[in-house]
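To start, the structure under review is shown below, and the notes come after it.
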Amino acid sequence: MSSVRVRFAPSPTGNVHIGNIRAAIFNWLFARHEGGKFLLRVEDTDLERSTPEAVRTLLESMQWLGLDYDEESMYQTSQLAAHRQAAERLIAEGKAYRSAKGGTGEATVFRIPWDAEQVPGVSVVGPAELDVHQETPVTIDRRGVNYALVSAKGKPMPQAACLAGFRDLEIFDAQGTSLFRLADRLNGICAGTDSAVIEHAAKLCYTRRQIQYTDMVKGNLAKPLDSMQDQVIVRSDGAPVFHLANVCDDIAQGTTHIVRGDDHVENTYRHIFLFHALGATPPRYAHLPMIVNAQGKPYSKRDGDAYVGDFRSKGFLAEALFNYLTLLGWSPGEDREKLTRAELISLFTLERCQSSSAQMDLRKLTNLNGQYLAEMAPDAFVALCREHAAALPWYAGADPAYFDRVARLMQSRTKVFSQVSEWDCLFVDIPAYDEKAAAKFLKDESVRQTLARVAEALKTCTFDVAGIEAAIHAVTQAARIEQGHFNQPIRVAVTGRAVGAGLYETLELLGRDRTLRRLEHALSR
RNA sequence: GACCCCAUCGUCUAGAGGCCUAGGACACCAGGUUUUCAUCCUGGUAACACGGGUUCGAAUCCCGUUGGGGUUGCCA
């Protein structure tokens with residue numbers, strides 16, 4: 001029995017983003033592969049958007065894709081007291097402080113610990129020197145160090161970093177005279193009772209430290225502490241910030257591995273410090289590459305196509321979308337792409353995840369979907385066709401048995417259920433004509449004469465596939481047209497389109513009356 | 001600006017120094033099968049961002065450049 005516990009932690013907004021659900025899929029696959037637990041945590045702290053309706057949409061999307069979760073799901077709003085308690089505890093232990101910068105009132109700020117070496121992964125990089133803009137005073141208080149670098153044009157470029165970034169800090173002027181030593185005033189500054197403003201500073205000398213962790217996808221990642229800042233964990237209005245809530249909940253849920261989007265790597269360093277401050281061991285991390293749109297840019301609200309529900313309503317199968325999404329940023333390492341869920345579970349490892357972003361290709365998804373549709377049991381296929389046809393104007397009046405026959409005939413050439421709407425040409429009385437096809441196949445006068453003769457022949461033949469074929473053949477042979485070469489004009493005349501199912505089957509399906517009416521109509525156009 | 005990450009055909013990817021005159025899939029093009037449409041089969045076009053190194057040998061290791069992305073104290 002594996003001890004792996006992973007979670008999917010979406011905020012329910014009414015739509016599940018394709019990038020989010022991909023993260024859910026990878027978490028699920030990892031958990032199932034390892035024989036661990038896949039947990040759900042609904043981050044519903046945005047009361048405006050996190051309506052019961054939005055939560056239902058989320059659950060439906062997960063169920064549709066077969067992402068079943070273990071144990072009771074956690075709702076983040078239920079953890080509010082725990083989050084506040086954690087913040088109070090950090091303040092009481094001197095690991096966080098209140099600060100009024102920017103907001104209205106005091107926020108709670110988590111301090112990157114001064115004794116950072118206590119945290120596994122933190123190490124000394126070595127001595128560091130920074131030339132700073134001499135006109136800009138260096139200010140130091142418990143919130144950190146503010147200074148300005150010098151741009152190529154000699155202008156000041158303001159920087160801010162946490163206090164912990166500057167171990168052994170000593171500040172010198174242009175002549176090399178020491179102006180300030182942090183060690184002399186450390187206690188007061190950390191306590192918030194002391195602060196310093198240093199004019200005419202030219203150089204910052206200190207010991208640089210960094211925090212390092214091993215990402216299961218991206219490998220070793222590190223960040224110098226002097227490029228980090230203390231983190232607000234409770235807003236001035238008392239609401240816990242994502243970082244605190246997230247870490248607290250992962251501790252509460254016993255998360256062992258966090259598998260999430262690339263955009264969280266920077267947060268990870270801060271979260272590791274938070275885990276330790278709260279007396280917990282940080283989980284292992286795996287950061288997945290982003291999914292980008294057709295322009296190669298990150299999906300934004302404007303990209304309407306990027307929600308799970310859209311793919312469902314456009315007629316993609318859950319299994320096909322699931323399969324396709326696993327191939328975005330991951331591959332089994334062999335030349336197979338269409339994989340069953342069982343195969344995916346057994347093949348999936350985080351180590352085989354890609355570290356660069358991936359672009360969705362609707363055409364490839366469509367192709368894969370077509371493969372899944374082709375091998376569906378006909379009855380199941382017909383049932384889903386009905387679902388997708390239900391809203392179509394011609395469906396209500398359609399004969400169920402006739403619909404059934406059409407669906408079976410069309411299965412092998414359907415790639416997405418949205419194509420069901422094109423079947424209107426088999427259901428309405430007179431179909432709409434594709435003018436390009438009509439111009440190509442129905443314009444010629446000799447063609448029209450032959451069509452008239454075909455119509456005559458179809459009036460009396462046996463109206464089944466064999467009879468229709470024989471009747472048409474007889475006419476075309478008399479007209480000295482090569483076998484089959486007259487099928488396209490007939491197809492366009494009868495269905496209005498140049499593509500469709502086998503012609504004789506189609507005519508048999510339509511029946512004699514409708515076929516003749518359509519031929520007549522085509523010739524009168 | 002600073003910090004961090006990324007970089008193989010149009011797209012998704014294989015590739016962990018010699019198996020690579022770079023393989024597969026989608027898309028595209030050309031043939032073929034099918035009396036027609038779709039399917040299917042065969043073949044083809046097409047990539048290691050650029051420049052330096054290391055090495056007998058680099059798509060694979062190192063450095064730089066360029067390009068893209070992420071983050072940058074009260075979004076999640």
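The figures here come from the full heavy-atom set of this structure, side chains too, leaving out hydrogens, waters and symmetry mates. Below, chains carry the letters A, B, ... as their sequence lines are ordered, and counting in each starts from 1.
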Task: Interatomic distance, R143(A) CZ vs G73(B) P [rounded to whole Å] - done: 13 Å

Open item on the list: With a 4.0 Å limit, can you tell me whether R235(A) has a side-chain N or O closer than that to the phosphate oxygens OP1/OP2 of G73(B)?
Closed with: no

- [ ] Mark up nucleotides 36-48 of chain B, 5' to 3', with B wherever a protein heavy atom is under 4.0 angstrom from a base atom, S wherever such an atom reaches only the sugar-phosphate, and - elsewhere.
- [x] BBB----------

Open item on the list: Say we look at U11(B) and C28(B): how far apart would their P atoms be, to the nearest angstrom?
Closed with: 16 Å

Open item on the list: Between K440(A) and D434(A), does any NZ, NE, NH1 or NH2 come within less than 4.0 Å of an OD or OE carboxylate oxygen?
Closed with: no

Review item, side-chain donor-acceptor pairs of residues 355-363 of chain A, under 3.5 Å, at least two apart:
| residue | atom | partner | partner atom | Å |
| --- | --- | --- | --- | --- |
| Q359(A) | NE2 | A294(A) | O | 3.2 |
| D361(A) | OD1 | R363(A) | N | 3.1 |

- [ ] Measure the distance from CG on D230(A) to P on U71(B) and round it to the nearest whole Å.
- [x] 20 Å

Name the pairs: protein N/O against N/O of nucleotides 4-13 of chain B, kept only if under 3.5 Å.
| residue | atom | partner | partner atom | Å |
| --- | --- | --- | --- | --- |
| C5(B) | O2' | K218(A) | NZ | 3.1 |
| C12(B) | OP1 | Q359(A) | N | 3.1 |
| C12(B) | O2' | L327(A) | O | 2.8 |
| C12(B) | O2 | K364(A) | NZ | 3.4 |
| U13(B) | OP1 | G329(A) | N | 2.5 |
| U13(B) | O3' | S331(A) | OG | 3.4 |

- [ ] Would you classify H243(A) as touching base, sugar-phosphate or nothing, given that sugar-phosphate means primed atoms plus P, OP1 and OP2, and contacts are heavy atoms under 4.0 Å?
- [x] base

Open item on the list: Any carboxylate oxygen within less than 4.0 angstrom of a Lys/Arg side-chain nitrogen, looking at R41(A) and D249(A)?
Closed with: yes

- [ ] Measure the distance between the ring centre of H264(A) and the centre of the six-membered base ring of A76(B), then answer whether it is under 5.5 Å with planes under 30°.
- [x] yes

Task: Sugar-phosphate, base or nothing in reach of D46(A), heavy atoms under 4.0 Å - done: nothing

Open item on the list: Please confirm whether the shortest side-chain N or O distance from K338(A) to OP1 or OP2 of A25(B) is below 4.0 Å.
Closed with: no

Open item on the list: Under 4.0 Å, heavy atoms only, any strand: does E43(A) hit a base, just the sugar-phosphate, or nothing?
Closed with: sugar-phosphate

